[in-house]
Amino acid sequence: MDRLSDLLPGTLSRKGVAQPARAAHIVYTAQELIEALLPRMARDVAARTFEGGTLWVDARNAAALSMLRRVQPQLLSGLHSRGFTLVQRVVVLRRQADPEYSLPENTEKTS
């Protein structure tokens, strides 16, 4: 009997979803690594997308941007050690006007 792990790559490829699935897996793993490397900044960083060998990571503020840039080499080597050698570089950007970064509803706003 064939194992699912042996059948899945071929099935995904035939359905045309192998690359998007691989990219999603890279982004998910990158987010886990970022949270392990920067546990106090987990809410301020987000691995967003992987395309063409580049992993794009967003930072919510200047502090998160600075810390992400410091751990870029560890993030890249961590991905490579997990078998994601398709990732050739990590680009970190600061996102300011992203609706996902709005204050939670239970947070009071001060004026």
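Between Arg60 and Arg94, the shortest heavy-atom contact is O-NE, 3.7 Å. Taking each heavy atom of Ala47 and Ile34 in turn, the nearest pair found is CB-CD1, 4.2 Å.
When the side-chain contact (heavy atoms from CB on, under 4.5 Å) test is applied to Thr54, the partners found at least two apart in sequence or on another chain are Trp56, Arg89, Val91. Evaluation of the side-chain contact (heavy atoms from CB on, under 4.5 Å) rule for Glu35 yields Gln31, Ala42 as partners, not counting sequence neighbours. Residues that satisfy the side-chain contact (heavy atoms from CB on, under 4.5 Å) test with Ala36, not counting sequence neighbours, are absent from this structure. Qualifying side-chain hydrogen bond (donor to acceptor under 3.5 Å, both in side chains) partners for Gln88, counting only residues two or more places apart in sequence or in other chains: none.
Annotation: ring pair (Phe, Tyr, Trp, His ring centres under 6.0 Å) contacts involving residues 29-49, sequence neighbours excluded, are absent. Contacts classified as ring pair (Phe, Tyr, Trp, His ring centres under 6.0 Å) and involving residues 67-94 (residues at least two apart or in different chains) are given here: His25-Phe84.
Between Asp58 and Val45, the closest side-chain pair of non-hydrogen atoms is not below 4.5 Å.
Side-chain atoms of Ser81 come within 3.5 Å of backbone N or O of Gly78 as a donor-acceptor pair.
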Exercise for the section: Give the intermediate values and the outcome of side chain to side chain contact (heavy atoms under 4.5 Å, CB included) for residues Val27 and Leu55. Expected result: CA-CA 7 Å; Val27 170; Leu55 174 68; 4.2 Å; yes
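A distance of 10.0 Å separates OG1 of Thr49 from CD1 of Ile26, quoted to the nearest 0.5 Å. Between the CZ atom in Phe50 and the CG atom in Leu79 there is a gap of 9.0 Å [rounded to 0.5 Å].
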Indicate every side-chain donor-acceptor pair of residues 69-76 with a distance under 3.5 Å to a residue at least two apart or in another chain.
unit_1: Gln72; atom_1: NE2; unit_2: Val90; atom_2: O; d: 2.6

